[in-house]
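Written below as structure tokens is the structure these notes are about.
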Amino acid sequence: MNINYDHGGMKMNKRLKAFAALALASTIVAAPMYTADAAPVKFKNCKELNKTYAGGIAKDAKVRNKGGKTKYTPTVSSEIYKNHTKLDRDKDGIACER
């Protein structure tokens, strides 16, 4: 059995290469661009912040909640906490804990 792929195989190979190039280009365009000095998001209030960070934002892992028992564990991020210190009403190092 002898199969000739000369003509049809060449068209298929070009199509495959074109598809691969298109797929690669679309992932590069769709991929988000982050820089090392990109500023974290600034939330207007605790309700908005808690949609993303249910337990609030802690400035470091050593801080403890003054307000009593909480339902969620806070996310530790000193950079995000710096932008939301006004939302830390009890000044315990955790903004918007709940």
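Looking at K59, its side chain never comes within 3.5 Å of a backbone N or O of V76 through a donor-acceptor pair. Without hydrogens or angle criteria, R98 side chain to A54 main chain gives a donor-acceptor distance under 3.5 Å. In this structure a side-chain-to-backbone donor-acceptor pair under 3.5 Å is missing from D90 to K66.
For R89 against C46, the heavy-atom pair with the smallest separation is NH2-SG, 3.8 Å. Of all heavy-atom pairs between L87 and K44, the closest is CD2-O, 4.3 Å. When every heavy atom of V41 is checked against every heavy atom of H84, the shortest pair comes out as O-CE1, 3.2 Å. The two residues K91 and T85 make their nearest non-hydrogen contact at NZ-O, 4.0 Å. What you find for A95 and L49 is that their closest heavy atoms are O-CD2, 4.3 Å. Of all non-hydrogen atoms in G55 and I94, the two that sit nearest each other are O-CG2, 4.3 Å.
The distance from atom CG of D92 to atom CG of N65, rounded to the nearest 0.5 Å, is 5.0 Å. With values rounded to the nearest 0.5 angstrom, R64 atom CZ is found 13.0 Å from E97 atom CD. A distance of 8.0 Å separates CG of D60 from OG of S78, quoted to the nearest 0.5 Å.
Using a 4.0 Å cut-off between charged side-chain N and carboxylate O, K51 and E48 make no salt bridge.
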Item to check | From CA spacing to verdict: side-chain hydrogen bond (donor to acceptor under 3.5 Å, both in side chains), Y81, D88 | outcome: CA-CA 9 Å; Y81 179 82; D88 184 7; 2.6 Å; yes
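You'll find the side chain of F43 reaches within 4.5 Å of the side chain of T52, heavy atoms only.
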